Amino acid sequence: MFGTDKQNAIANMQTMQSTLLHIQETMLKMQETISKNHVEMRGDINKLDNRIEMIQQMMEKNEARIQSVEVGLDNVVKKVDILDTEMIASNKKMEEAIIYLEMDKAAFYLHFQNVIEETEEDLGDIMADLISDALQRDKQEILKEIDETYRIQTNYARRNRLPREVHIRFAKKRVRDIIYKITREEPMINKGVEIQTLKQIPKRIRDRRRDYRFLSSYLMKKVYPLDQWFSTFLMP
């Protein structure tokens, strides 16, 4: 019986030794696997770090390009602003030149209102008669000073149911100025109707006056009424 127990104990010890060896081998394999995985993970992490670094470098390059583009856009905007300013100044100069030319052209013209229209009228002859009577000059002399005579419909004449205006272009500014001065002081009379003599005002000038009319009315009525304006600025 003792011998049997001894054999069983020896068998158990062998089994335990075998189990321990198996466990030890398994642990070694696991350790090898863990080490291998650790190496692979470090390799993957290094690759990931390299990719992150490359992406950061690309982002920095892109940011630099964006800044360069923004600077370029700012320069373009500044150049456009400069061109706009120059074009505005150039357009203003051109407009002033056009206004000067229009004023110079208008200096040869006079407009006459309330000149009664006649059928198959000789308008140049009629106006020469009226002007020669007003200036007490020879009719032929006046005809030589008239370059062109024609009628034109205006909004004012249409609204007030008046005859079409008579426009005359004179050969000389001086003659036009003399006729304007005399006929404004003592209007011409045609068939019992008083004739109004007006200077020709270019449309651009009329538009400018219209733009400032509101401001002048506001200043006169709201800011400084007429009596207050006189008392403030003209009275000692």
Side-chain angles (χ1 to χ4, degrees), residues 86-220 226 229-230 233-234:
E86 291 177 351
M87 288 182 66
I88 290 171
S90 177
N91 289 341
K92 187 175 181 180
K93 289 181 179 178
M94 291 177 63
E95 185 177 2
E96 294 297 332
I98 291 172
I99 290 175
Y100 176 81
L101 293 173
E102 289 179 345
M103 288 294 293
D104 186 64
K105 177 182 176 181
F108 290 88
Y109 282 83
L110 284 178
H111 298 179
F112 299 91
Q113 293 178 341
N114 300 330
V115 179
I116 297 174
E117 294 192 47
E118 299 177 1
T119 305
E120 298 182 357
E121 63 184 2
D122 187 342
L123 192 57
D125 190 71
I126 293 172
M127 295 308 299
D129 280 333
L130 292 172
I131 295 172
S132 64
D133 290 343
L135 273 61
Q136 296 182 356
R137 295 289 184 89
D138 183 69
K139 178 181 176 180
Q140 294 301 319
E141 183 181 350
I142 299 299
L143 284 171
K144 291 178 181 179
E145 299 294 342
I146 295 177
D147 278 348
E148 185 180 14
T149 306
Y150 57 92
R151 286 187 183 272
I152 188 169
Q153 183 65 277
T154 62
N155 292 331
Y156 177 82
R158 187 183 297 108
R159 285 196 305 268
N160 294 277
R161 297 182 179 180
L162 298 174
R164 292 179 298 166
E165 283 188 3
V166 176
H167 291 194
I168 297 180
R169 186 179 76 236
F170 294 92
K172 299 175 184 177
K173 296 180 185 179
R174 183 176 60 83
V175 173
R176 173 261 199 186
D177 293 339
I178 292 172
I179 294 172
Y180 178 77
K181 184 176 183 301
I182 292 175
T183 56
R184 290 294 291 183
E185 292 175 353
E186 187 175 352
M188 297 184 294
I189 304 296
N190 178 31
K191 297 183 179 180
V193 179
E194 184 177 296
I195 298 175
Q196 296 293 327
T197 305
L198 305 171
K199 289 182 179 180
Q200 179 166 301
I201 307 298
K203 184 177 183 300
R204 295 173 190 271
I205 299 299
R206 295 199 304 271
D207 292 341
R208 283 190 176 184
R209 291 179 179 178
R210 190 179 301 112
D211 292 339
Y212 287 106
R213 190 175 299 164
F214 170 78
L215 178 61
S216 61
S217 299
Y218 177 82
L219 292 175
M220 295 300 290
L226 188 59
W229 189 88
F230 275 105
F233 295 101
L234 298 183

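Computed from heavy atoms alone, side chains included, the values below leave out hydrogens, waters and symmetry copies. Each residue takes its place number in the sequence, starting with 1. Note that the structure is a prediction, hence the values are computed from the model and not measured.
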Check: Counting N and O atoms only, with roles assigned by atom type, does the side chain of Arg176 sit under 3.5 Å from a partner on the main chain of Leu110, one being a donor and the other an acceptor?
Finding: no
With sequence neighbours left out, the residues meeting side chain to side chain donor-acceptor pair (under 3.5 Å) with Lys139 are Asp125, Asp129
dist Glu118:CD -> Leu123:CG (nearest 0.5 Å) comes out at 9.5 Å
For Glu194, the salt bridge (charged side-chain N to carboxylate O under 4.0 Å, His left out) test, sequence neighbours excluded, returns none
I want to check something: taking the side chain as every heavy atom from C-beta on, are Ile178 and Phe170 in contact at a cut-off of under 4.5 Å? no
Residues Thr197 and Met188: closest non-hydrogen pair is OG1-CE, 4.4 Å
Contacts of Tyr180 meeting ring pair (Phe, Tyr, Trp, His ring centres under 6.0 Å) (sequence neighbours excluded), chain-then-number -> none
Test item: Arg151 side-chain N/O and Arg164 main-chain N/O as donor-acceptor pair under 3.5 Å: yes
Smallest heavy-atom separation, Asp147 atom then Ala171 atom, equals OD2-CA, 3.5 Å
What do you reckon, is CZ of Arg174 surrounded by more than 12 foreign heavy atoms closer than 6.0 Å? no
Rounding to 0.5 Å, atoms OG1 (Thr149) and CD1 (Ile168) come to a distance of 4.5 Å
Quiz prompt | Pairwise side-chain contact, Arg137 with Glu145, heavy-atom cut-off 4.5 Å (strictly under) | solution = no
Between Pro187 and Ile195 the two heavy atoms that sit nearest each other are CB-O, 3.6 Å
Distance col, row Leu198:CG vs Thr154:OG1, nearest 0.5 angstrom, shows 9.5 Å
Here the gap from Arg169 atom CZ to Glu148 atom CD, rounded to the nearest 0.5 Å, amounts to 4.5 Å
Asp133 meets the salt bridge (charged side-chain N to carboxylate O under 4.0 Å, His left out) criterion, sequence neighbours left out, with none
Interatomic distance, CD@Glu185 vs OG1@Thr183, rounded to 0.5 Å, equals 9.0 Å
Rounding to 0.5 Å, atoms NZ (Lys191) and CG (Leu130) come to a distance of 10.0 Å
**pair Leu135-Ile182: side-chain heavy atoms closer than 4.5 Å** = yes
Those residues at least two apart in sequence (or on a different chain) that pass salt bridge (charged side-chain N to carboxylate O under 4.0 Å, His left out) with Arg184 are none
Closest non-hydrogen atoms of Pro163 and Ala157, given as atom of the first, atom of the second and distance, are O-CB, 3.7 Å
Ring pair (Phe, Tyr, Trp, His ring centres under 6.0 Å) pairs touching residues 102-142, sequence neighbours excluded, are His111-His167
Looking only at atom types and distance, does a side-chain atom of Asn160 sit under 3.5 Å from a main-chain N or O of Leu162, one as donor and one as acceptor? no
